[in-house]
Amino acid sequence: MERRRIRIGIIGGGLAGASIANSLSRLPHIAIDVFEAAPEFSERGAAVGLSPNSQLALQELLEDSREALKKAKSVPIASTRLMVGSGPNAGNLLMDLGDAAKEDPELIVHRASLLRELLAPLPESILHPNKKMTSIVSTDTGVKVFFADGTEYEFDAVIGADGVFSIVRDYVLSDKSKQYSASPAGFWDCRVLVPFEKAKKALGEDLFKLDRQYGWLGEGAFIMHDVLENGTLVQCVISGVEDEPPSDRKHTLTRDFLNKALANWLSGPIASGVIDLVMEQDDPRGYSQWEHKATPTYARGRVCIMGDAAHASTPWQGAGSGQAFEDGMILSALLSHISSPGDIEAVFKVYDAIRRPRGQRVIDSSRGTGEIMCGKSDAGLDPGKIMQALAPRWGFLELDFKSYVQEAVHKLDESLSA
Ligand SMILES: Cc1cc2nc3c(=O)[nH]c(=O)nc-3n(C[C@H](O)[C@H](O)[C@H](O)COP(=O)(O)OP(=O)(O)OC[C@H]3O[C@@H](n4cnc5c(N)ncnc54)[C@H](O)[C@@H]3O)c2cc1C
């Protein structure tokens, strides 16, 4: 008799949920359903940068990821140029990161376009928008999931990809969930997308001769701009140090607030132009950056968490979605190795052991990088010291995925044969 497929419910259809759905939907012994709370699967926010490492992880999940990234109109970042943004040295070059001639450059892509391409290969029958999950109960035979519309589903396992304020995380961490919930990281940011020509006019032609990402470091803040959507749009970001985070994570932006946050920048070459662009949008808002300071486990029984539900991080190293793709890569490799729902608990335990230390390292490193970028580290705004401080921060993100997956599968084999 043919064995029935292992049924997995994925809660959340953001970059994490949609990417793992691609790899799991190709495993013949697994059946998945993806539930998204919003009326449509959609990505808010502007752009996401994908390092070569993140692209490799995505390649493990998506059948033709290069083509998908092309269709999403990703733009290669020829290089990242770091400049001094405030004070007497404003306008000076700090350093160029990356190599314009590199074969595998970082890519920058509009979030909505990337999500659209991640969803495109998935059959509509497994995608369930307008399904806000409210609670989870473990049963003798699996996991029951309840939704706000009164429906319930039973699965052999559940993967929570429901973002930073994850309800699945609350279930996984149980009585410790409050203690380990996300909290402010000490920074805020705001962003705007503007047509390329408008950005060129506001910020100066010289900054747009190459598809280059610019980062401006200065007192208490950081400004970034990069080109996306095949060179038709520019994303501008202002981030700053946040001493008193608002309780609901967001605040209405005023010109007065931005002028105060960038007080020592205003006579420099970049801040006034970016402030103008940010303030021209409807309802400009600033958002606090929140993160998980620690997480005691990513799994409980047949339920696990991935992506921002497991390890929400500040965006300073541009590594959040790459980490979600790595979660998906490891989970898919492990799930491809089992044939019975009885082995899922072992899979999730190994996933937790392999992924949690790395997820936490990224969170901590990213926060530290933000401190350097806003002139708050011991390096202050000394160009030489900043270069020294930043140089070693990205290396650990590069990983030999083949050995990483092998290590996970080996651990699973050991656990299943014990
Ligand atoms: C400002 C900013 C800039 C960033 N820049 C970068 C970058 O350049 N590079 C990079 O790699 N990363 C970056 N990141 C991080 C990256 O965006 C995230 O790590 C990634 O988007 C997380 O995806 P996710 O699917 O885990 O979470 P989310 O995108 O939050 O998706 C969760 C989904 O779950 C749904 N959901 C929530 N609750 C429920 C429920 N109860 N039932 C059903 N569905 C539910 C939500 O509606 C949502 O669609 C940045 C993050 C921020 C905040």
Side-chain angles (χ1 to χ4, degrees), residues 9-21 33-55 57-58 74 77 80 106-112 114-115 118-119 127-136 145-149 151 153 158-171 182 185 187-191 213 215 222 224 226 228 235 237-239 249-250 285-292 305-328 359 362-363 366 370 397:
I10 298 172
I11 311 298
L15 298 182
S19 56
I20 193 173
D33 284 284
V34 187
F35 299 94
E36 167 55 47
E40 282 174 21
F41 285 74
S42 60
E43 263 288 325
R44 291 165 297 277
V48 66
L50 299 181
S51 66
N53 198 67
S54 303
Q55 294 166 48
L58 182 61
S74 59
I77 299 178
T80 297
E106 179 169 352
L107 295 176
I108 181 111
V109 57
H110 194 189
R111 279 167 184 272
L114 176 58
L115 184 67
L118 289 176
L119 294 170
L127 298 175
H128 310 283
N130 232 340
K131 283 277 182 191
K132 183 175 168 48
M133 194 217 70
T134 50
S135 60
I136 294 181
V145 189
F146 298 86
F147 292 88
D149 61 4
T151 55
Y153 291 70
V158 163
I159 296 174
D162 49 342
V164 55
F165 300 111
S166 162
I167 295 180
V168 184
R169 180 182 173 95
D170 290 343
Y171 171 83
F187 307 97
W188 64 274
D189 61 51
C190 64
R191 53 200 65 221
Q213 182 175 62
F222 177 79
M224 189 181 85
D226 36 33
L228 52 145
Q235 166 182 244
V237 181
I238 306 176
S239 313
R249 294 176 68 223
K250 53 180 186 258
R285 281 172 188 257
Y287 294 89
S288 300
Q289 295 176 4
W290 284 45
E291 63 181 3
H292 290 127
I305 44 178
M306 68 176 294
D308 278 13
H311 41 65
S313 165
T314 55
W316 295 98
Q317 289 197 248
S321 53
Q323 287 307 298
F325 301 153
E326 287 184 22
D327 291 342
V362 172
I363 293 170
S366 181
L397 287 167

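In listed order, ligands and their atoms are each counted from 1.
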Tell me the protein heavy atom at minimum distance from [atom], and give that distance in Å.
| atom | answer |
| --- | --- |
| atom 48 (C) of ligand 1 | Glu36 OE1, 3.5 Å |
| atom 24 (P) of ligand 1 | Ala16 CB, 3.7 Å |
| atom 42 (N) of ligand 1 | Met133 N, 2.9 Å |
| atom 9 (N) of ligand 1 | Gly49 O, 2.9 Å |
| atom 34 (O) of ligand 1 | Gly12 CA, 3.2 Å |
| atom 37 (C) of ligand 1 | Asp162 O, 3.3 Å |
| atom 19 (O) of ligand 1 | Asp308 OD1, 2.7 Å |
| atom 11 (O) of ligand 1 | Ser321 OG, 2.6 Å |

Interfacing atoms of ligand 1 (cut-off 4.0 Å, heavy-atom, [X]):
| X | result |
| --- | --- |
| Ile167 | 41 (N) |
| Glu43 | 29 (O) |
| Gly307 | 26 (O) |
| Gly320 | 10 (C), 11 (O), 12 (N), 15 (C), 19 (O) |
| Ala37 | 39 (C), 42 (N), 43 (C), 44 (N), 45 (C) |
| Ala319 | 10 (C), 11 (O) |
| Ala161 | 32 (C), 33 (C), 34 (O) |
| Val48 | 6 (C), 7 (C), 8 (O), 9 (N), 10 (C), 11 (O), 12 (N), 13 (C) |

Considering [options], which one's heavy-atom position lies nearest to [atom]?
| atom | options | result |
| --- | --- | --- |
| atom 50 (C) of ligand 1 | Arg111, Gln289, Lys131 | Arg111 |
| atom 1 (C) of ligand 1 | Arg191, Glu40, Lys132 | Arg191 |
| atom 27 (O) of ligand 1 | Gly322, Gly14, Gly163, Gly160 | Gly163 |

Spacing of [atom1] belonging to [X] relative to [atom2] belonging to [Y], to within rounding of 0.5 Å:
| X | Y | atom1 | atom2 | answer |
| --- | --- | --- | --- | --- |
| Leu107 | Asp226 | CG | CG | 12.0 Å |
| Ile363 | His292 | CD1 | NE2 | 7.5 Å |
| Asn130 | Glu40 | CG | CD | 9.5 Å |

Polar side-chain atom of [X] near backbone of [Y] as donor-acceptor pair, under 3.5 Å:
| X | Y | answer |
| --- | --- | --- |
| Gln235 | Ala47 | yes |
| Arg285 | Cys190 | no |
| Glu36 | Ala38 | yes |

Task: Which residues share a ring-ring contact (aromatic ring centres under 6.0 Å, His included) with His311, sequence neighbours left out - done: Tyr298

Open item on the list: My understanding is that only residues two or more places apart in sequence, or in another chain, count here; which of them pass ring-ring contact (aromatic ring centres under 6.0 Å, His included) with His128?
Closed with: Phe35

Within reach of ligand 1, part of [X] (heavy-atom separation under 4.0 Å):
| X | result |
| --- | --- |
| Ala324 | neither |
| Ile11 | side chain |
| Asp189 | side chain |
| Phe35 | backbone |

TODO: Check whether any side-chain heavy atom of Tyr153 lies under 4.5 Å from a side-chain heavy atom of Asp33, and answer yes or no.
DONE: no

- [ ] Evaluate the side-chain proximity of Ile167 to Thr134: yes if any heavy-atom separation is below 4.5 Å, no if none is.
- [x] no

Task: Pro315, any N or O under 3.5 Å of ligand 1 N or O - done: no

Open item on the list: Looking only at distances, can you tell me whether any N or O atom of Gly318, backbone or side chain, sits closer than 3.5 Å to an N or O atom of ligand 1?
Closed with: yes

Task: Heavy-atom closest contact (Val48 atom, Ser321 atom, distance) - done: CG2-OG, 3.4 Å

Task: Closest approach of Ala16 to Ala161 (non-hydrogen atoms, all atoms of both residues) - done: CB-CB, 4.0 Å

Task: Sub-4.0 Å protein heavy atom near atom 40 (C) of ligand 1 - done: yes

Task: Single hit among Tyr171, Phe146, Phe147 for side-chain contact (heavy atoms from CB on, under 4.5 Å) with Ser135 - done: Phe146

- [ ] Going by the side-chain contact (heavy atoms from CB on, under 4.5 Å) test, name the single residue among Val168, Asp162, Asp327 that passes it with Met306.
- [x] Asp327

Open item on the list: As a quick check of understanding, evaluate side-chain hydrogen bond (donor to acceptor under 3.5 Å, both in side chains) for Gln317 and Ser366, giving each step before the final call.
Closed with: CA-CA 5 Å; Gln317 289 197 248; Ser366 181; 5.1 Å; no

Open item on the list: So for Gln323, does at least one of its heavy atoms come nearer than 4.0 angstrom to any atom of ligand 1?
Closed with: no

Task: Flag for Asn53-Ser51: side-chain donor and acceptor within less than 3.5 Å - done: no

